[in-house]
Amino acid sequence: MKSSRRTFLITSLGAASALALSRQALADAPLVSESDPTAAALGYKADASQVDKAKYPKYAAGQKCGNCQLYQGAPTTDHAACPMFGAKQVKAAGWCNAYTKKA
Ligand code: SF4
């Protein structure tokens, strides 16, 4: 019993450490570049005001990563992870064609 409790504690600590590490890894992840193939395919711009409105008519003023459902940080953060770009981060002021208004 003692042993399984110890195992549980060790496993829990390991999972918590792994989570903390992966959060840290994401926080340190590089920003996605506009020339990244995925970024180019999605029309990502680090500054939403630079979006090609003729090519991406879906874009509307006021839309930006910081108020997108997929943005993984608080709206007030400068940048955060976005699942569209795997391990790379996007600017809160950015935008891409996968924009989904935060509910
Ligand atoms: Fe920004 Fe949303 Fe596009 Fe991700 S999916 S880059 S958070 S607009």
Side-chain angles (χ1 to χ4, degrees):
M1 190 67 164
K2 250 185 179 175
S3 161
S4 68
R5 189 170 177 191
R6 186 177 303 141
T7 304
F8 170 77
L9 280 174
I10 290 170
T11 307
S12 301
L13 285 173
S17 305
L19 192 61
L21 275 176
S22 63
R23 280 202 179 133
Q24 187 58 43
L26 273 177
D28 293 341
L31 286 170
V32 70
S33 143
E34 291 177 3
S35 58
D36 175 285
T38 307
L42 289 171
Y44 171 79
K45 291 288 179 193
D47 176 353
S49 70
Q50 301 300 308
V51 170
D52 182 343
K53 291 149 189 102
K55 198 170 175 188
Y56 299 101
K58 178 183 155 184
Y59 171 76
Q63 295 180 350
K64 58 183 181 175
C65 295
N67 58 32
C68 172
Q69 186 74 45
L70 298 174
Y71 191 67
Q72 301 295 298
T76 51
T77 55
D78 178 71
H79 55 273
C82 166
M84 297 307 292
F85 296 102
K88 293 182 181 163
Q89 302 195 74
V90 298
K91 296 286 277 184
W95 185 91
C96 91
N97 204 32
Y99 175 85
T100 307
K101 188 176 168 46
K102 193 170 268 191

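Counting starts at 1 for both ligands and their atoms, in listed order. By convention here, the first residue in the shown sequence is residue 1.
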Student: Among protein heavy atoms, which sits nearest to atom 6 (S) of ligand 1, and what does the distance come to when rounded to 0.1 Å?
Tutor: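 It is Phe85 CE1, 3.5 Å.
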Student: Is it the case that the side chain of Gln89 and the backbone of Ala29 share a donor-acceptor pair, with hydrogens and angles ignored and the cut-off at 3.5 Å?
Tutor: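 Yes; judged by distance alone, with no hydrogens or angles, the pair exists.
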Student: With a 4.5 Å cut-off on side-chain heavy atoms, are Met84 and Thr38 touching?
Tutor: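 Counting from C-beta outward, Thr38 and Met84 never come under 4.5 Å.
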Student: Mind checking how many protein N/O/S atoms fall short of 2.8 Å from atom 2 (Fe) of ligand 1?
Tutor: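 Under the 2.8 Å cut-off, the count stands at 1.
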Student: Just by modelled atom types, is the Pro83 backbone N or O under 3.5 Å from a matching donor or acceptor in the Gln72 side chain?
Tutor: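 Here the side-chain-to-backbone pair does not exist.
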Student: Among Lys91, Lys64, Gln50, which residue meets the side-chain contact (heavy atoms from CB on, under 4.5 Å) test with Lys45?
Tutor: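 Answer after filtering Lys91, Lys64, Gln50: Gln50.
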Student: Counting N and O atoms only, with roles assigned by atom type, does the side chain of Gln63 sit under 3.5 Å from a partner on the main chain of Lys101, one being a donor and the other an acceptor?
Tutor: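 Side chain of Gln63 to backbone of Lys101, a donor-acceptor pair under 3.5 Å: no, none is there.
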Student: We want to know whether Asn67 and Tyr99 form a side-chain donor-acceptor pair, criterion being a heavy-atom distance below 3.5 angstrom.
Tutor: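 There is such a pair between these side chains.
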